[in-house]
Protein chains: 2
Amino acid sequence: MTIRDETVPTPASPLRLAEVAARAGVSESTVSRVLRNIGPIAETTRAAVLKAAEELGYVPNRLAGALASTGSALVGVVVPSLDNIVFAEVLRGVTEKLEEAGLQAVIGVTGYDLAREERIVSALLAWRPRGIVIAGIDHTPRVRDLLAANGTAVVEMMDIDGSEPALGRRVGLSHGAAGAAMAAHLVARGHRRFGYVGHDISRDIRARKRLDGFAAELARRGGDLVARQMVPGPSSVSAGRAGLAALLAAQPDLDAVYFSNDDMAVGGYFHCEANGIRMPDDLAIAGFNGLDIGQELPRRLTTVRSPRYRIGQLAAEQILTRQDAAGPASPATIDVGFELIAGETA
Amino acid sequence: MTIRDETVPTPASPLRLAEVAARAGVSESTVSRVLRNIGPIAETTRAAVLKAAEELGYVPNRLAGALASTGSALVGVVVPSLDNIVFAEVLRGVTEKLEEAGLQAVIGVTGYDLAREERIVSALLAWRPRGIVIAGIDHTPRVRDLLAANGTAVVEMMDIDGSEPALGRRVGLSHGAAGAAMAAHLVARGHRRFGYVGHDISRDIRARKRLDGFAAELARRGGDLVARQMVPGPSSVSAGRAGLAALLAAQPDLDAVYFSNDDMAVGGYFHCEANGIRMPDDLAIAGFNGLDIGQELPRRLTTVRSPRYRIGQLAAEQILTRQDAAGPASPATIDVGFELIAGETA
DNA sequence: ATAATGGATGACAGCGCTTGCATAGATGCT
DNA sequence: AGCATCTATGCAAGCGCTGTCATCCATTAT
C-alpha cells in the first residue's frame, strides 16, 4: 500500500502553461495574458486561472517568455571586485531597484582583469539582457564593440572622468576631482610634505585617477608629493598598514599621507596607533570612500564619501527608464558628486 | 556620399546562427556544433565557422539554447544581505567557481525577509536554473515546496544546524558549535560574568544559533550570561559600539562580552578604546567571522573564523558535480568547520 | 568490384512561451 | 431589425536555438 501525501503540491515538474490552461478550462493565450496582466480579461476567468496556477504551483518559464518576446528581464552587472564592501553596496543598490521592477541581476566579477571583462561581457550578452551595468568607463575595444553592437542599454558607473565616448548613460563621480579636493583640504590644513600609499594602481584605474588629481592639485597649491609606496595586490587593511610602515621607513619626515582608499587608510591608522604616531599632529591620514568603519574609529577618518548605494540605484534606474519611445531623454551623464569628510585624522 | 567605416564590426544586431551559417557556407546545425565543440567536424569547416562568427561578432542567444536543450547555465544565488563583507565573499567564491565552468550567477538579496525570499526563489526558478544556492536552512514551507518541486539542484549553505530535512546538499558550519567553542574558550581564560551584544536576532537566525550555543555551553561550564543588549537593525560597527555602551551602562560589572559578529565586536573594541577600557583585563571582547579588520586591529580580535570564500566555492562545486548519472554520491552535508582565533581581546 | 563502415553534414521538428489576427457574443445606435 | 463596436477569447506562427534522424561521400573490408 502506498500512502500519498496530498499536501505535497507538485511532485515533479515539466509544468507548462498548457497544464494551467487545461485545469482552468481556457486557452494558453488566456493564461499567458492573465499572468502578465495584459488585455481585457473577464474577472471570473482571471480568478479561475490564478487559482489553477496557484494550486499547481506553476512557475512560468522565463526563458521561453524572453525568447518569444525578445526582452529578458535580466540585467548584467559587471563589477571589478567583491573583496571589499564598496561594490557589494553598489550591487545592493542595483539589485534592490531591479527587484522593484521585477528584473534580476546576473553578475560578473572581473577581478580588474580586462581579458576577463571581455569574456564576461560576452557571456552576459548571451542572455540578451535588458541592459548591462558596468563599472568604469575604460574598456577594451572589443568590449566597446560588443556593448555598442547589440541593442542593449548600457550604463557605465562609478566613474565619469575621461575622454572615451560614452557607451550609454553614465552615473558616477569624478575621481580626479575627489583627489584634488582632498589635496586642497590637506594643504588648507597646513600640510606640505606628502606621501602616498596605494595598491595595484595599474589595474584600479579609478584609484589612479584620484592620485593624478591629487598630485596635480598639490602641485598647484604648493604641496609636495615626496614619496609613494605601492603595495602589490588588492587593497586591504593589512596592505595599508604594511604600506605605511614601508613608506615611513623610507621617508620619515612626512606631514600627511594620502591612501588609495579607506581600507588602506584604516590600515595606516592602525599602524600609527600601534606605533604611537599621533594623528594628525605627527602624521595626517586621509582616504577615499567614506566607509562606515573609518567613521567609527576613535578618531574619525578624513576621507571623501562616495555615494555607492545611490550609484547602484541610479544605474539600475537608468536601465529601467531607457527611452524607447520618444520623450525627454534624461541626461547622458549623472554626476552624483562626493562629500569631503573632514575627520580628525588630517 | 555615405562613408562606411569598415572597421565597425556589427551595425545593429538581430544576429542569428543563420547569419553565421550563411557566411561560412554551412548549415545552422554545423555552426551550432562547432560553437559547442560537439560531434565530428572537419578542421576546415571548423575554421571557416569560427572565422565567420568572429568577423560578425556573433554572440549566441543562450535563451534560445537553454530553451531548446532544457538546461540553462544560470545558477540562482540567494543571500540575505550585502551590507557587510561576509556574503560578498561567499558570492565571490560562488561566481569564481561558476565562471570556471561557464555558468553564471543570478542573484537575489532577501534582506533577511522571508516573504521576499519566497518571491525571489520563485523568480529565480523561472529561469530554469541549473541549480539554486541559498543561504541558510530555515525556509518557509512555500520556499521548501518550490525548491523541492522543480528538478533543480539545491545547495543550502552557511548553516548545518537544525532538524529540517535538507533540500539538497549542504555546505556550512555549525553555528551552535561555534558559539559553544567561544564560550568554552572564554571560560577557560577565566571569565565568568558575561554580556551579549547583538543585532536583530529574530531575522538573523544564524546569529541566534550562535547565541544559543554560547549560552548553553556557558551554563554547562559555570559561566553566567547576566545581560543582553539587542540593537535594532542590521549589524554594524556603530551598532556594536552603541550596544556595548548601553550594555555597560546597565551592567557595569562584566568580565566579557560576546558579540553577534565581528562588525559588532569591532564597534565594541572602539568603544573600549575610546573610553579607556583595557582589553582583556577590564573587559574581554569576542566576535564571530574572523574578518580581516578584526585581525588588523592593534590588539587582534578574539573571534571564530568562518571560511566564507571556501563555502561559496564548495557550494558552487556542489551544483557542478550534481550526480545526474550514477556514481558515488558526494556527502549530503559538508561541514567546513571553523577556527577559533585566540586574539588579544579576550 | 561491391558491400559495409564511419565521418561529416543537413533537414526538420520541437523547447514553452508571446502576439497579431480572427472569431464570437454582447451592446449600442439609428 | 441591421450594422457597427466592444469585450473576451482562441488560433497559429514564430522567437533562435538543439538534437534526432537521414543522407552522402570516402574509405576499408571481402
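Everything numeric in this text was worked out from a predicted model, so none of it was measured. Order of the sequence lines fixes the chain letters, A, B, ..., with proteins taken first and strands second; residue numbering starts at 1 for each chain.
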Please list, in 5' to 3' order, the outermost nucleotides of DNA chain D lying under 4.0 Å from any heavy atom of chain B.
-> D/dG16 to D/dT20
Side chain to side chain, B/Leu320 and B/Leu103, heavy atoms closer than 4.5 Å | yes
Quick one: on DNA chain D, does A/Val31 or B/Arg62 contact a more 5' nucleotide (nearest heavy atom)?
-> A/Val31
Contact under 4.0 Å: A/Tyr58 side-chain N or O vs C/dC17 OP1/OP2 = yes
Any donor and acceptor pair, going by atom type alone, linking the side chain of A/Thr30 with main-chain N or O of A/Val26 inside 3.5 Å?
-> no
Under a 4.0 Å heavy-atom criterion, the protein footprint on nucleotides 18-25 of chain C, written with B, S and -, is BBB-----
Quantify the bending of the helix from C/dA1-D/dT30 to C/dT30-D/dA1 as the angle between its end axes, each fitted on five pairs, to 10°.
-> 40°
Would you mind checking if A/Arg92 and A/Glu89 are paired as a salt bridge, meaning a charged N to carboxylate O distance below 4.0 Å?
-> no
Under 4.0 Å between a side-chain N/O of B/Thr45 and OP1 or OP2 of C/dT9, yes or no?
-> yes
C/dC15 P sits how many Å from A/Glu19 CD, rounded?
-> 12 Å
Touch class at under 4.0 angstrom, heavy-atom based, for B/Leu67 against every strand present | base
Are any of the side-chain heavy atoms of A/Thr152 and A/Leu147 separated by less than 4.5 Å?
-> no
Do any N or O atoms from the side chain of A/Glu28 and from the backbone of A/Ala21 form a donor-acceptor pair under 3.5 angstrom?
-> no
Do side-chain atoms of A/Thr95 reach the backbone of B/Val109 as a donor and acceptor pair under 3.5 angstrom?
-> no
Remember a base hit wins even if backbone is also touched, and classify B/Leu63 as base, sugar-phosphate or nothing at under 4.0 Å, heavy atoms.
-> nothing
Verify the neighbour count for atom CZ of B/Arg130: are there more than 12 heavy atoms of other residues, nucleotides or ligands below 6.0 Å?
-> no
Residue set satisfying side chain to side chain donor-acceptor pair (under 3.5 Å) with B/Ser32, at least two apart, ordered chain then number -> B/Arg36
Side chain to side chain contact (heavy atoms under 4.5 Å, CB included) with A/Thr110: which residues, sequence neighbours excluded?
-> A/Val78, A/Pro80, A/Glu117, A/Ile120
Taking the side chain from A/Ser122 and the backbone from A/Glu118, do they hold a donor-acceptor pair closer than 3.5 Å?
-> no
Assign each of A/Asn61 and B/Glu43 the nucleotide of DNA chain C bearing its closest heavy atom; nearer the 5' end lies the nucleotide of B/Glu43
Under the side chain to side chain donor-acceptor pair (under 3.5 Å) test, which residues partner A/Asp138, sequence neighbours left out?
-> A/Lys209
